[in-house]
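These notes concern the structure reproduced below.
Hydrogens, waters and symmetry mates are skipped; everything else that's a heavy atom, side chains included, is used.
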Amino acid sequence: MENHALIGDGRGSALVGVDGSIRWLCVPRFDSPPLLRGLLDHRRGGQFLVTVDGLCSARQRYVDESGIVCTELAAADGGAVELTDLFTLREGATLAEYARAGRGELLRWARVRHGPVVLRVALQPYGGAQMSPRGNGWQVKCPQAGDLSLQLLASHPLDWPRDRIKLQAGEQFWVLLRWDSPMYRPDVVDPQRLLSDTAAAWHGWSASIDYTGPQQAMVRRSALTLKLLDHFEDGAIIAAPTSSLPEVIGGVRNWDYRYTWIRDAAFSGFALRRIGLHAEADSFLGWVLDAADSTRTPRVLYDLDGVLPPHERTDPDLCGYRRSAPVRWGNAAIEQTQHDAYGEILDCAYQWAARGGPVDDHLWRRLHRLAEAAYRLWQVPDHGIWEIRAPGRPFTYSVAMCQVALDRACRLSRRLKLPADADRWARQAAELTEQILQYAWDDRLQSLTEQLAPGGGLDASVLALPLRRVLPADHPRMAATCTAIARHLGAGDGLLYRYLPERSPDGLPDREGAFVLCSFWLADNLLGQGRIDEAAALYDNLCARANHVGLLAEQIDPSTGSFLGNFPQALSHVGLISTGVALARAARGGQPELSTTAWHQRQTI
């Protein structure tokens with residue numbers, strides 16, 4: 001999976017292979033039934049191929065700071081083609097404004113640098129397609145992709161579903177796949193204009209990225225990746241654009257991540273704020289409050305419309321990535337209880353208010369309700385940040401996020417003179433911190449554990465407590481926890497497992513890969529303890545694990561370095577951005593932001 005680049009238009013997405021194939025395409029929405037599923041079944045899943053006959057080598061890159069991908073394809077006989085792939089954006093589109101920007105089109109534009117060449121072109125949707133001539137192109141109906149109707153236009157006559165085209169040096173070939181009202185759009189296509197309009201929109205947005213520091217190009221690419229996972233129209237941010245890419249090859253830990261998790265999106269918004277991109281976080285706050293209102297209490301995840309996605313089901317027709325079955329659509333986590341949502345939303349609101357965002361009576365009533373829920377429910381076992389498929393436990397991270405909810409609500413009430421029993425919230429927040437220090441601590445392990453009860457295993461989510469301002473990174477018990485987690489959950493070369501299933505049962509067989517975000521959390525803690533050189537070395541190591549275009553998956557196989565889990569994963573890029581910002585601050589002479597001395601030097605309201 002690492003040999004792919006992501007493209008999209010803020011509604012749908014595709015993965016472009018370095019060989020010129022597209023074997024994953026979800027349109028018109030991220031969570032639509034995929035038109036192409038070849039990533040999950042090479043033989044039956046379908047593909048959209050534009051490549052050279054006799055391909056012998058290829059290189060791939062993003063075009064400047066954009067969502068446009070260029071793949072250089074070389075043939076054994078010396079022919080070479082530059083293939084540009086993009087989801088087209090409207091003329092004058094401004095990606096900082098929450099409005100539809102995409103035209104509902106995928107453009108594939110090949111220009112022959114050295115010829116002659118033979119291009120191999122094929123469009124084979126999953127489940128087959130009904131193709132009929134229409135105007136200067138083809139009408140394509142795909143019953144297995146939500147009965148999607150498309151229009152296919154090309155610069156040359158083609159014999160679909162596959163053809164071979166002979167081209168000379170300097171000649172061009174383009175093909176446009178259109179799904180947005182294809183019956184009413186003109187057949188005239190100017191690929192150069194489409195490319196220019198799309199590039200201008202991306203460059204206008206990326207110019208607002210405010211970051212100078214370590215791994216600058218990687219941080220900026222991570223910001224662009226999060227934007228590619230952002231639903232441009234309303235602020236929902238999906239966890240990943242794929243489904244069922246396995247956490248271990250041949251295993252069953254295969255999940256559909258094409259939805260918006262409150263936790264993941266809140267982390268994404270926080271990271272984007274840190275590099276000057278506030279609109280995405282502000283829009284997410286409004287979106288998530290509306291979604292929570294629609295279900296009366298916050299749920300774990302929602303679809304792009306802020307409603308619950310379909311119930312999880314397995315697909316009997318696809319064999320899975322590298323035969324890792326089952327393939328799943330939907331996600332059973334919608335049925336789980338996870339208390340961290342209260343803290344995620346209150347923290348988003350706190351950041352909003354810290355920048356001068358108004359908290360009116362209506363918004364405050366909604367936030368007050370969430371704080372009271374955290375006050376009542378923190379003792380109730382839940383399924384935790386890692387969404388175990390086993391009976392709930394009193395997870396440390398969940399209790400910590402209830403503390404965050406109460407702390408942020410108290411601060412909002414006191415500083416903005418909002419009606420509430422802020423003192424009661426403050427007392428409870430302090431009590432929850434003491435509960436964590438006392439009841440999650442294991443003397444034998446010399447570490448805070450996964451739960452506020454004896455017998456809990458080690459859990460890398462505890463490393464996030466300093467980031468959420470629950471405990472400073474240099475608190476003696478937090479520093480000891482960092483050491484214990486690095487020793488017992490270490491997968492080698494700076495990688496960490498989230499937890500060990502044999503020690504922390506999650507209701508599933510097998511183990512998984514090393515979770516990328518956890519290693520960034522480890523670097524944050526090292527930095528907060530003043531171990532700046534160690535943190536910087538770990539950070540550089542993790543950045544070096546990105547693929548050829550700067551993308552990271554959810555997990556990494558420690559034995560091979562191969563990617564595991566859904567790809568690209570928002571949380572991995574969140575970690576890359578946030579740790580980079582913290583290292584940049586330290587390099588400028590600032591106190592490590594997660595340390596005790598910097599604890600109260602955050603932005604106030």
Side-chain angles (χ1 to χ4, degrees), residues 1-8 12-27 29-51 55 58 60 67 69 71 83 85 87 106 108 122-129 142 144-146 148 161 177 225 228-229 238-259 313-331 513 546-549 551-557 560 562-570 572:
M1 72 183 76
E2 45 264 58
N3 293 323
H4 291 82
L6 175 69
I7 57 174
S13 64
L15 293 178
V16 182
V18 74
D19 62 351
S21 67
I22 293 179
R23 291 191 170 88
W24 184 260
L25 174 64
C26 287
V27 292
R29 292 167 35 129
F30 297 116
D31 53 4
S32 296
L35 176 68
L36 303 174
R37 311 178 189 188
L39 202 61
L40 300 179
D41 192 317
H42 193 82
R43 183 173 62 88
R44 302 180 59 192
Q47 68 169 336
F48 188 1
L49 181 68
V50 177
T51 194
L55 178 67
Q60 193 174 60
V69 169
T71 307
L83 175 65
D85 284 292
F87 277 46
L106 167 61
R108 313 203 72 191
L123 176 62
Q124 300 164 296
Y126 169 71
C142 306
Q144 295 299 315
L148 192 63
L177 184 65
T225 303
L228 281 164
L229 302 178
I238 62 169
T242 54
S243 175
S244 301
L245 295 180
E247 296 175 4
V248 59
I249 300 301
V252 301
R253 296 170 181 261
N254 316 321
W255 319 115
D256 191 348
Y257 276 11
R258 299 171 303 140
Y259 306 109
R313 66 178 181 87
T314 59
D315 190 329
D317 297 325
L318 298 175
C319 68
Y321 178 82
R322 294 177 58 185
R323 308 196 70 81
S324 300
V327 168
R328 304 179 200 263
W329 309 115
N331 199 297
N547 76 350
H548 59 290
V549 289
L551 302 183
L552 285 164
E554 177 187 27
Q555 300 181 21
I556 290 174
D557 184 334
T560 66
S562 298
F563 285 179
L564 294 171
N566 284 300
F567 166 84
Q569 176 79 4
S572 299

Legend entry - Side-chain donor/acceptor of Asn547 to backbone N/O of Glu2, under 3.5 Å: yes

Legend entry - Donor-acceptor pair, side chain of Ser572 and main chain of Ala553, under 3.5 angstrom: yes

Inset, instruction - Carefully, step by step, assess Tyr321 and Val327 under the rule side chain to side chain contact (heavy atoms under 4.5 Å, CB included). - result: CA-CA 8 Å; Tyr321 178 82; Val327 168; over 6 Å; no

Legend entry - Whether Arg328 side chain and Ser244 backbone form a donor-acceptor pair below 3.5 Å: no

Inset, instruction - Mind checking the OG-CZ spacing from Ser13 to Phe87? Nearest 0.5 Å is all I need. - result: 6.0 Å

Legend entry - Option from Asp315, Asp31, Thr314 for which side-chain hydrogen bond (donor to acceptor under 3.5 Å, both in side chains) with Trp329 holds: Asp315

Inset, instruction - Side-chain contact test, heavy atoms from C-beta onward, threshold under 4.5 Å: evaluate it for Leu552 versus Pro568 and give yes or no. - result: no

Legend entry - Atom pair CG/CG of Asp85 and Leu15 - distance to nearest 0.5 Å: 11.5 Å

Inset, instruction - Could you go through the side chain to side chain contact (heavy atoms under 4.5 Å, CB included) check for Ile22 and Leu106 one step at a time? - result: CA-CA 11 Å; Ile22 293 179; Leu106 167 61; 3.9 Å; yes

Legend entry - Side chain Glu554, main chain Gly565, donor-acceptor under 3.5 Å: no

Legend entry - Value rounded to 0.5 Å, distance of CG in Asn3 from CG in Leu551: 11.5 Å

Inset, instruction - Please answer whether the main-chain N or O of Glu247 pairs with a side-chain N or O of Trp255 as donor and acceptor at a distance below 3.5 Å. - result: no

Legend entry - Arg108 and Val16: CA distance, side-chain angles, deciding distance, side chain to side chain contact (heavy atoms under 4.5 Å, CB included) verdict: CA-CA 10 Å; Arg108 313 203 72 191; Val16 182; 4.1 Å; yes

Inset, instruction - Would you check if Leu123 and Pro161 make a side-chain contact, meaning some heavy-atom pair closer than 4.5 Å? - result: no

Which pairs would a plain distance check flag for residues 40-51, meaning a side-chain donor or acceptor within less than 3.5 Å of a matching protein atom at least two apart in sequence or in another chain?
residue: Asp41; atom: OD1; partner: Arg43; partner atom: N; Å: 3.2
residue: Asp41; atom: OD1; partner: Arg44; partner atom: N; Å: 3.0
residue: Asp41; atom: OD2; partner: Cys319; partner atom: N; Å: 3.0
residue: Arg44; atom: NH1; partner: Asp317; partner atom: O; Å: 2.9
residue: Gln47; atom: OE1; partner: Arg23; partner atom: NH2; Å: 3.1
residue: Gln47; atom: NE2; partner: Gln124; partner atom: OE1; Å: 3.4
residue: Thr51; atom: OG1; partner: Asp19; partner atom: O; Å: 3.0

Inset, instruction - With sequence neighbours left out, write down each residue that passes side chain to side chain contact (heavy atoms under 4.5 Å, CB included) with Val69, or none if nothing qualifies. - result: Ala5, Ile7, Gln60, Tyr62, Thr71

Inset, instruction - Determine yes or no for a side-chain-to-main-chain donor-acceptor pair under 3.5 angstrom, with Thr242 supplying the side chain and Phe567 the backbone. - result: yes

Legend entry - Nearest-0.5 Å distance, OG of residue Ser243 to CG of residue Asp256: 3.5 Å

Inset, instruction - Of all the heavy-atom pairs spanning Ser32 and Arg29, show the shortest one and how long it is. - result: OG-N, 3.0 Å

Inset, instruction - Can you measure from CZ (Arg322) to CG (Leu564) and round to the nearest 0.5 angstrom? - result: 8.5 Å

Legend entry - Pair Tyr126-Leu318, side chain to side chain contact (heavy atoms under 4.5 Å, CB included): steps then yes or no: CA-CA 10 Å; Tyr126 169 71; Leu318 298 175; 3.7 Å; yes

Legend entry - Gln555 side, atom CD; Asn566 side, atom CG - distance, nearest 0.5 Å: 9.5 Å

Legend entry - More than 12 heavy atoms from other groups under 6.0 Å of CZ on Arg323: no

Inset, instruction - Kindly write out the residues that satisfy side chain to side chain contact (heavy atoms under 4.5 Å, CB included) with Ala129, not counting sequence neighbours, or none if the list is empty. - result: Pro125, Met131, Val140, Cys142

Inset, instruction - State, yes or no, whether a side-chain contact exists between Val27 and Leu177 at a heavy-atom distance under 4.5 Å. - result: no

Inset, instruction - Please examine the side chains of Leu6 and Leu229, heavy atoms only from C-beta on, and report whether any two atoms are closer than 4.5 Å. - result: yes

